[in-house]
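Written out below as structure tokens is the structure these notes cover.
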Amino acid sequence: MPIQQSDVLYTAVATAENGRDGRVVTDDGKLDVVVNPPKEMGGSGAGTNPEQLFAAGYSACFQGALGVVARQEGADVSGSTVTARVGIGRNEDGFGIVVEISADIPHVDGATARELIEKAHQVCPYSKATRGDVTVTPAR
């Protein structure tokens, strides 16, 4: 269920100039990056791109969700890492993205890791936001 505006605790604000071949800056100036299409899409690849920024945000958010789930389950996720792979390609109405989330959780067995990853996928705000519109594959 979507949150209401009155439930918002923080709002990030970023402004793009010149789309995929320009610059993105946050209102507080903490993020100020040149964006360029990757070489695979005919661009220079000189700057970062929206897919890299999305992968960075998703992996950080998912790591946080993994920590929440681990605390609830009494599991040790110290030293774990989460990697998001965000792909972009053509679909029937232009372009779409796919995401693969993987986690390395050194202090738990494989079955427990898979369970934690699946539970994190259910509570992660990025996972919730993409559900139904983006193929997201949680993997270990």
Side-chain angles (χ1 to χ4, degrees):
M1 180 154 103
I3 66 170
Q4 301 301 311
Q5 187 62 36
S6 60
D7 298 323
V8 172
L9 300 174
Y10 168 76
T11 300
V13 179
T15 302
E17 176 184 305
N18 214 32
R20 287 184 154 273
D21 207 359
R23 176 177 170 228
V24 176
V25 63
T26 56
D27 62 336
D28 62 5
K30 291 181 180 178
L31 180 71
D32 187 345
V33 294
V34 171
V35 290
N36 301 113
K39 289 182 180 181
E40 296 84 350
M41 293 179 68
S44 69
T48 189
N49 59 66
E51 292 70 39
Q52 288 174 325
L53 296 170
F54 187 75
Y58 202 157
S59 63
C61 187
F62 200 93
Q63 179 78 49
L66 182 63
V68 167
V69 168
R71 282 189 293 283
Q72 292 170 346
E73 299 289 322
D76 181 4
V77 294
S78 62
S80 65
T81 58
V82 172
T83 301
R85 290 173 179 80
V86 176
I88 184 171
R90 292 194 180 277
N91 62 15
E92 63 278 351
D93 58 356
F95 286 88
I97 62 171
V98 295
V99 178
E100 180 183 306
I101 295 283
S102 60
D104 179 33
I105 310 171
H107 303 295
V108 300
D109 62 74
T112 301
R114 282 187 293 282
E115 184 179 320
L116 292 170
I117 291 166
E118 190 52 48
K119 287 181 177 180
H121 183 51
Q122 296 308 309
V123 301
C124 173
Y126 274 59
S127 292
K128 289 179 182 181
T130 59
R131 200 161 284 130
D133 291 325
V134 175
T135 300
V136 178
T137 307
R140 177 161 200 253

Got a second to check how far [X]'s [atom1] is from [Y]'s [atom2], nearest 0.5 Å?
| X | Y | atom1 | atom2 | answer |
| --- | --- | --- | --- | --- |
| Ile97 | Thr130 | CD1 | OG1 | 7.5 Å |
| Glu51 | Leu53 | CD | CG | 8.5 Å |
| Thr83 | Ile101 | OG1 | CD1 | 8.5 Å |
| Ser59 | Leu66 | OG | CG | 12.0 Å |
| Ile117 | Thr112 | CD1 | OG1 | 10.5 Å |
| Asn49 | Met41 | CG | CE | 8.5 Å |

Next on the checklist: Is there a continuous path of hydrophobic side-chain contacts, each under 4.5 Å between heavy atoms, that joins Val13 to Val33?
Outcome noted: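 Each belongs to a different hydrophobic cluster.
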Item to check | Val134-Val98 co-clustered via ILVMFWY side chain contacts under 4.5 Å | outcome: no
I'd like to check [X] versus [Y] (side-chain heavy atoms, cut-off strictly below 4.5 Å). Are they in contact?
| X | Y | value |
| --- | --- | --- |
| Ser44 | Lys39 | no |
| Asn91 | Asp93 | yes |
| Val69 | Val77 | no |
| Lys128 | His121 | no |

For the student: nearest non-hydrogen atoms of [X] and [Y], plus distance:
| X | Y | answer |
| --- | --- | --- |
| Val82 | Ala103 | CG2-CB, 4.1 Å |
| Gly45 | Asn36 | N-CB, 4.2 Å |
| Cys61 | Pro125 | SG-CD, 3.5 Å |
| Ala65 | Val123 | CB-CG2, 3.9 Å |
| Gln63 | Ser80 | NE2-OG, 2.8 Å |
| Arg20 | Pro37 | O-CD, 3.1 Å |

Item to check | Summary of salt bridge (Lys or Arg N to Asp or Glu O under 4.0 Å) pairs that have at least one residue in residues 73-86, sequence neighbours excluded | outcome: Glu73-Lys119, Arg85-Glu100
Next on the checklist: Test of understanding: with salt bridge (Lys or Arg N to Asp or Glu O under 4.0 Å), list the residues that count as partners of Arg23, not counting sequence neighbours.
Outcome noted: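 Checked Arg23 against salt bridge (Lys or Arg N to Asp or Glu O under 4.0 Å); matches are Asp32.
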Checklist entry - Any chance the side chains of Gln122 and Ser127 put a donor and an acceptor closer than 3.5 Å? => result no
Checklist entry - What class does the angle between the rings of Tyr58 and Phe54 fall in, given that below 30° is parallel, 30 to 60° is tilted and above 60° is perpendicular? => result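 Aromatic pair Tyr58/Phe54 classed perpendicular.
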